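Owing to the predicted nature of the structure, the values given are computational and were not obtained by experimental measurement. Chain A is the first sequence line, chain B the second, and so forth, proteins listed ahead of strands; every chain is numbered from 1.
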Amino acid sequence: MTTTKPIRVLGIETSCDETAAAVVENGRTVLSSVVASQAEVHRRFGGVVPEVASRRHVEHITRVLEAALEDAGVRPNDLTAIAVTHGPGLVGALLVGVAAAKALAFSWGLPLVPVHHIAGHIYACRLVGEMHFPLVALVVSGGHTELLYLRDEGHVVVVGQTRDDAAGEAYDKVARVLGLPYPGGPELDRLAAEGRDVYAFPRAFLEPDSLDFSFSGLKTAVLNAVHGARQRGEPINLADVAASFQAAVVDVLVEKAFRAVKRYDARQLVVAGGVAANRGLRAALAERAAREGVEVLIPPLSLCTDNAAMIAAAGTVLYRLGRVADLDLNAVPDLDLTAE
Amino acid sequence: MVILSLDTSSRAMSVALLQDDRVLGEWCTNTQHHHSVRLMPAVRQLMAEVGVTPRALSAVAVAKGPGSYTGVRIGVTTAKTMAWALDIPLVGVSTLQVLAANVPDFPGLVVPLFDARRQRVYAGVYRCTRGEVTAVRPDRVLPVADLVAELAATGEAVAVVGDDAARFYDAFAVGLGERLWLAPPELGIPRAACLARLARQRLLAGAVDAVHEFAPAYLQASEAERKAAAGELRVAGSGRERGTGAAAGGDGDG
Ligand SMILES: [Zn+2]
């Protein structure tokens, strides 16, 4: 009589403006994934206001937890562990998730598993396919542009990162100058599909051996082009600006990602984070991967943007590795990935 | 009936367990250090020492503010999550009322307060008579000068309670003269045992809070919301920065 009890992890994510909870079974099957977005609330401020985000998290947290258990059809007794994002992110926002997770772990007598937000984005891939190690992960979102090397499960090393703006940040700023509504990334992606790359904006490949990124020069070039044309009273084809900007970003992301794959002899390239939803990027990655014979794994859109299923998935990996925390766990806004 | 009570809304952090009308234990520090880190270990230790398991709790009580925004959120999130997880009632009590309850009986007005910066205070006006703590005015955030003028006009004796009260001693002394009593420091810290007693009264009266809807009593909108309401809406930094940069600054309460 050997029935293996499934590992069911409740994940909690509150690092920015989404209050999310999810239940994942054996690190692979999403039993539920609930996300209460505050995008509408922050739209009128033109960006996420930390104090407002923290207040909304407190108001949503137990409702989101309840919905996650109900959708999954599980009771507290069916759970194995509580996983929570403890960084990086907005400290006031993170604290709500961490406080809730600790309250649950104590109340239900369950282990507490701290998860790095980026580790969550990467292990979201286990929810849609097999991860083949060693692998390289490209994580691109509003707050991150990072290349990571995973020798095997649970061993993450940052091998490239942005030296100035994150890719998503450049997207937001360019979108604002083009007059696109917040959040600008998806709008810009849509507009780019209607234009052509005629501006030849600069691509910052940096030193030949570098896996780092830099998007501030590109951002400045785009802003100068738009402002200059407006000052001279020349007409601007916004779709062409969007397409040219996106082409420059995508060229750099794809080139650096495949440099990393080659350097680390990776079996797989994993792409995660909100910008991974970008159609231009997906298309370019697929084309290059086919040409070079590299396997690429990109989660569907719902798992690319912030959610808690990815935290539960990562939490399952870490739980199996015994990486649990005590009730003195704190939120760490600038948490290092290598500290995991 | 066993009530777990917690308060992290000010410099002080306090946890207590009340069984019916007996205080089983209380933990209180006043150092403003890492309420986030220390709260749950303190709860666990206190419960272990007095032999109460989570399942044995009948209700959770929490000081809902006003106070430090971050501090209040830690307490409120912990309390509402525990109440939901254990399926027991949640009772929120004003932090100022908890502070007023440190003065069991006083022939006049009891004024608990916290510094709200820029010469303003979070303050309540209560009457404390034989253990009953009744609000005379709702809790407010207001300039200390306005509060003093209002209290002076009543002609009543005034007990000012709170760790921050001494900071405003001169303003109160000028306005109230001999009618001012500045409560001693040991009465200036909100105590979870007092919180539990007030919560028990509300619980026995059937006045519990709805867990999902429960939110801190900040008493003021966030700075961004106030500016937006005043038409001073300006575009903040980039949209979704994490950890560093524009979106992480500016609107907290320190
Ligand atoms: Zn993210």
If one checks every heavy atom of A:L65 against chain B at 4.5 Å, the contacting part turns out to be both

Of the listed A:L95, A:D326, A:V64, the one with the largest count of heavy-atom pairs under 4.5 Å with chain B is A:D326

| Is any side-chain heavy atom of B:R55 closer than 4.5 Å to a side-chain heavy atom of A:W108? | yes

Applying a strict 4.5 Å limit to non-hydrogen atoms, the region of A:R56 in contact with chain B is side chain

message = Could you check whether any side-chain heavy atom of B:R11 comes within less than 4.5 Å of a side-chain heavy atom of B:F114, counting everything from C-beta outward?
response = no

Does the plane of the ring in A:H121 sit parallel, tilted or perpendicular to the ring in A:H117? Use 30° and 60° as the thresholds. perpendicular

Do B:R44 and A:F106 form a cation-pi contact, if we require the NZ or CZ to be under 6.0 Å from the six-membered ring centre and within 45 degrees of the ring's axis?
no

Donor + acceptor pair across side chains of A:H60, A:Q38 (<3.5 Å):
no

Under a 4.5 Å heavy-atom criterion, the part of residues 74-96 of chain B in contact with chain A comprises B:I74, B:V76, B:T77, B:T78, B:K80, B:T81, B:M82, B:W84, B:A85, B:L86

When the 4.5 angstrom heavy-atom criterion is applied to A:A100 and chain B, the contacting part is both

**Request:** Consider only side-chain N and O atoms of A:S32 and A:D71, and report whether a donor and an acceptor are under 3.5 Å apart.
**Result:** no

Heaviest contributor of heavy-atom pairs below 4.5 Å to chain B, chosen from A:H42, A:R55, A:K102, is A:R55

Residue from B:P216, B:A215, B:P41, B:A42 scoring the most non-hydrogen pairs under 4.5 Å with chain A is B:P41

> Looking at side-chain heavy atoms only, is the closest gap between B:Y122 and B:S10 below 4.5 Å?
Replying inline: no

Do B:D7 and B:S14 get their side chains close enough for a donor-acceptor pair, meaning under 3.5 Å? no

Cut-off 4.5 Å, heavy atoms of chain B, and the answer for A:L94 is neither

- Item | Test item: A:L218 and A:D165 side chains (from C-beta on) under 4.5 Å apart, heavy atoms | no

